[in-house]
Structure formats: C-alpha cells, structure tokens
Amino acid sequence: MSIRLSNGSEIPIEMHKVRIVQKVRLAPARERFRAIEEAGYNTFLLRTRDIFLDMLTDSGTNAMTDNQQAAMMQADDAYAGSESFYKLADAVKEIFGYQYLLPAHQGRAAEHLLAKTFVKPGHIVPMNYHFTTTKAHFDLAGGKVLELYTDEALNTQSSVPFKGNMDLDRLRAAIEKAGPENVSFVRMEATTNLIGGQPFSLENLRAIKKMIEPMGIFLVVDGSLISENAYFIRQREPGYEKASIRDIIGEIMSIADLCYLSGRKSCSVRGGMIATNRKDLYEAIRPWLPVYEGFFTYGGMSSKEIEAMAVGIREMTELEVAGASADAIKYFVGLLESKGIPVVTPPGGLAGHVDAMRFIPHVPQSEYPAGALAAAVYLTSGIRGMERGSVSMDRDAEGNDVPSDLELVRLAVPRRVFTMSHFQYAADRLKWLYDHRTMVGGLRFIEEPPVLRFFAGRMEAIGGWGEKLAEAFEKEFGADC
Ligand code: F0G
C-alpha cells in the first residue's frame, strides 16, 4: 500500500510489523573486491556473508507470515494421501477455481512436466516473453520458443501500462505459418520477468483465448507472479479499479486452460504446481509426476511448504500483500529516476530494473554490460543484483553468443523484507556509480557451462577495472564502507 503524506508525496507504507529479523553485514569495499573476483564477476557465486542487501531475487526470499509459519507445524508427512495436500487443493479450488492439482518441487519442475507432455520436436510455443528455465526446458524437448510481444515491450522508457501483452497479429501469423497442430500451447507469463516485471491485461488474455480456442490450442498462464499482475490490472485496466485481487485472479484462471507456477514468488514459499480444470490435460501430465517429482500428494515439496503454500495462496489475494513489493518498487524506481539513473518504466513487479545499455553505453554487448554493471553495483554498495542480459542467454547451436534484447540489472524487492532506508542507501550508491560510470569496463568468460551459463559461469574484468573502481570508492567513503 502507498500512503499520501501531508506534503503531497507518496510513500510505501508497511501493513505489517517486523517481529523476527536476520542480521546483515556490510563488508568493506576491499573485501567486496576480493569476493567478486573469487565469484568470477558472477553475483550468483557470492556468499551471503559478503552481501549487505540481497536483491538477487524475490524467489523463495519473501518474508513469510506468522500464519504460514504456524501452518508448517501441522504438516502431515504421509508419503501418500497427505492431509497437507488436500488443504492446498482446497485453496487452489477456492482461489483459482481449478479442481485438478499437480504439486511440483518448483516452477521449473512444472515446466519440465509440461515440456515432457506437450512440447514435441518441430513444435512452436508462442509466448509473451521467455523465462530462462522455460526456454531451456522447451528447447530441450525440441520445441521452438516464439516471443510475440508488442512493439512497446522492449522500450525501457515507457508509460504503456501492459508491456507484457502479446501482439495478436503476430500470434495469428505464427500459428498460420506453423499450423495449429504444431503449436504445443500458448504461454502467457504474469508480470513478465525478463522485460522488467511487466503485466498483461485481461483484455489481451481474453483476445488470445478467443483466437486460439477454435483452433484447438490451449492457453497456459505462468502464474509465478500472479497476484502482482492482478494488482496492476486493478491499478491500470479500466473497469477493474474496484475489483478485488481475488476476483481478478479468478477471472484470469477462468480464461486460461491451465496455470503453472513457482510457489517461490507470489505464494511466498518454496515449491511449485500445475492446476487446471481440463481433465484431459491433467491426465496427460499425471503419469510423469511420480517419475520426476514425487508421489501425487507431495510432488517433491516438503509437507511443511505445502501447508505454507495453502496459506500463501489465500494471503496473496489480500490487497496489501499483492501490492507490498509493487508499491515499494514504485518508490525505489522513482528515487533512481529522480537521480537520473536509467531505469525501466513503468515500474513493474518483482524488482527495480536498471538499464545497463543506457548506464554504461561504452561497454559493447559482446562484453556483457549488464553482467559488468551488476558486479559494479556490488562493488560499490554490497548490494547483490542479478544480470538479466546476454550472460543469461545461452549460445546458439553454432556456438555463437546470442545478444539479449535488453541488458538489465535486476534489483529484486522481495515482499516485506527491505525498508525505505535500504532503498535510499541503494539509490545513493547507484548515483555515485553513475557519476563514475566511465570506470566500469566489460567482462570476458573464463569458465562457461553449456546450459544456463549465468548460474555457474565465471568471468574476468577486462583491463582490471574492478580493482580501480573499488579503490576510487574507498578513497571517497573510507576503508570501512
Ligand atoms: N517462471 C517464472 C516467471 C519465473 O520467474 C521463474 C523463476 C520460474 C518460472 C522458475 O521457477 O525458480 O521455482 O524453478 N524465477 C526466479 C527468479 C528464479 O529469480 O526470477 P523456479
């Protein structure tokens, strides 16, 4: 929630109180330099002890509620027939309106099951935009991911409210070209992650369904960030200003044929699932669940997480929960913008996104500007963000680098974890870095895994800029900062 102050400005206001805290430490710049060198300039390879604010992701890092923690104490660990599963199934029925549930250990496990069941060699899978794990699974199954976003989606300076929408003409043309029988399904990702957490509208979702249903193609929603997308629909789509988050989620699900999700985001747990009302889809996937995940009533999740997920699904429909990170992000992005730092607008869900191509335009895409900037942000602040650019794209079949559409540094805002002073600190250090941006150079791989290379790849700073940047920072702020 946001609240208006008497001077007319708006601030995000916490509709909760903090009763358990976790200590963090700000390692000095020298130590941070050693840590990022050891991590091969890959923020995934840093250790928590070296991180001040962990803005890598909101995945599995949202604050849980007292009710979620309490529910975990009631877990039924029965291998088969666990009562915890039936509680989750009831919550899914109540909020999504879906009667069939397949639990999975996390979102990518749900993607694996969908790929295994529906994506065949030569198929196309149209979507608004890919997510890294989605693309990896659909590619491995022999399918081709087609991103059919609108022209505005990749414009980082925009005021278009639904940059996660699909372009309907492109969708029709793609299906006509491939033939409907060669389309696995159409996938719409809620609060589209890799283009800056941008939502789709209900109008767009409805139009997609209307087009593909007569062709016998089904509609899949990646609902990992479903409550945030519903929050944006309430704020931005005419006619929904007074609708509840619960009604909007229900409407999304009534249009979609199937929803899968990572429970680590909107649901504030660790786990995943697939849910649908389509018996045919459910029955096609079901045999693979015990093969890859676990028995039908736990699917690789712990019973404790299943209990917490049942609570989380209901809680994510509360307005102040659905908007907790969106409103904080709006404030954070506003702070960065006011300091002239190039960010993605409008502010979306899950994170504030810094546009590396505008921040350090002197670093060519072949030297991974988003990766370099993520490392530089860590060096100058102790804040760990995530590269969402060309490092996050794997090489093509010929071994060539695939330049990413966007080069973003994602500074994730897990729900109810950070405070306003954290955002003010982050904006201040980013401003210092922006003023010293010419010191940031490019990166080069020294170790590169063949798939999802961003997780484990190691790089080096071309020309040794990392040490010089740390030295300049220390000169200005002292040895302890
Ligand atoms: N779909 C979306 C939209 C996601 O954002 C993620 C994960 C997944 C699927 C995969 O789910 O991690 O539970 O296996 N996103 C995380 C992130 C990793 O940091 O944005 P998972």
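Whatever order the structure lists ligands and atoms in, that order sets their numbers, starting from 1.
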**Study point:** Residue pair His137, Val119: steps toward the side-chain contact (heavy atoms from CB on, under 4.5 Å) verdict
**Key:** CA-CA 9 Å; His137 278 296; Val119 182; over 6 Å; no

**Study point:** Candidate pair Thr65 and Arg416, rule side-chain contact (heavy atoms from CB on, under 4.5 Å), full reasoning
**Key:** CA-CA 10 Å; Thr65 63; Arg416 299 178 287 194; 3.6 Å; yes

**Study point:** Residue pair Glu189, Met127: steps toward the side-chain contact (heavy atoms from CB on, under 4.5 Å) verdict
**Key:** CA-CA 8 Å; Glu189 184 180 309; Met127 54 187 71; over 6 Å; no

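Atoms of ligand 1 lying under 4.0 Å from any heavy atom of Thr57, numbered from 1 in the order shown and given with element: 17 (C), 19 (O). Heavy-atom proximity to Thr133, at under 4.0 Å, picks out these atoms of ligand 1: 8 (C), 10 (C). Heavy-atom proximity to Arg264, at under 4.0 Å, picks out these atoms of ligand 1: 13 (O). Near Glu189, meaning under 4.0 Å from any of its heavy atoms, are these atoms of ligand 1: 3 (C). Proximity to Gly107 (heavy-atom distance under 4.0 Å) selects the following atoms of ligand 1: 11 (O), 13 (O), 14 (O), 21 (P).
Residue contacts with ligand 1, taken as heavy atom pairs separated by less than 4.0 Å, involve Gln106 via backbone and side-chain atoms alike.
Closest to atom 13 (O) of ligand 1 among all protein heavy atoms lies Ser262 OG, 2.7 Å. Among protein heavy atoms, atom 9 (C) of ligand 1 sits closest to Glu111 OE2, 3.4 Å. Atom 5 (O) of ligand 1 has Asn193 ND2, 2.8 Å as its closest protein atom, hydrogens excluded (heavy atom only). The closest protein non-hydrogen atom to atom 6 (C) of ligand 1 is Phe131 CE2, 3.3 Å.
Counting heavy atoms from C-beta outward, Ile248 and Arg234 have side chains that approach closer than 4.5 Å. Residues Asp222 and Asn193 are not in side-chain contact: their nearest non-hydrogen atoms beyond the backbone lie 4.5 Å or more apart. In this structure the side chain of Thr61 never reaches within 4.5 angstrom of the side chain of Leu56, judged on heavy atoms.
Remark: distances from the non-hydrogen atoms of Gly272 to ligand 1 are all 4.0 Å or more. Using a 4.0 Å heavy-atom cutoff, Thr134 is absent from the residues neighbouring ligand 1.
Checked for salt-bridge contact, Lys135 and Glu147 miss the test: no charged N lies under 4.0 Å from a carboxylate O. Contact check on Lys265 versus Glu228 returns no salt bridge, with no Lys/Arg side-chain nitrogen under 4.0 Å from an Asp/Glu carboxylate oxygen.
Below 30°, between 30° and 60°, or above 60°: for Tyr129 and Tyr149 the angle between ring planes is between 30° and 60°, a tilted geometry.
Under the 6.0 Å cut-off for aromatic ring centres, Phe52 and Tyr425 qualify, their centroids lying closer than that. Taking the six-membered ring for Trp and the full ring otherwise, Tyr298 and Tyr79 have centroids separated by under 6.0 Å.
Looking only at atom types and distance, the side chain of Ser201 has no donor-acceptor partner in the side chain of Asn204 under 3.5 Å away.
In terms of polar-atom proximity, Lys265 is counted as a contact of ligand 1, with an N or O under 3.5 Å from an N or O of the ligand. Of the polar atoms of Gly271, none of the N or O atoms is found under 3.5 Å from an N or O of ligand 1, judged by distance alone. Checking only distances, Ser59 never comes within under 3.5 Å of ligand 1, N or O to N or O. For ligand 1, the polar-atom distance check finds no N/O of Arg388 at less than 3.5 Å from any of the ligand's N/O atoms. Checked against a 3.5 angstrom limit, the closest N/O atoms of Asp58 and ligand 1 fall outside it. For a threshold of 3.5 Å applied to N or O pairs, the pair formed by Asp222 and ligand 1 contains at least one separation below that value.
Counting heavy atoms only, Arg108 comes closest to atom 14 (O) of ligand 1 of the residues His112, Arg270, Arg108, Met386.
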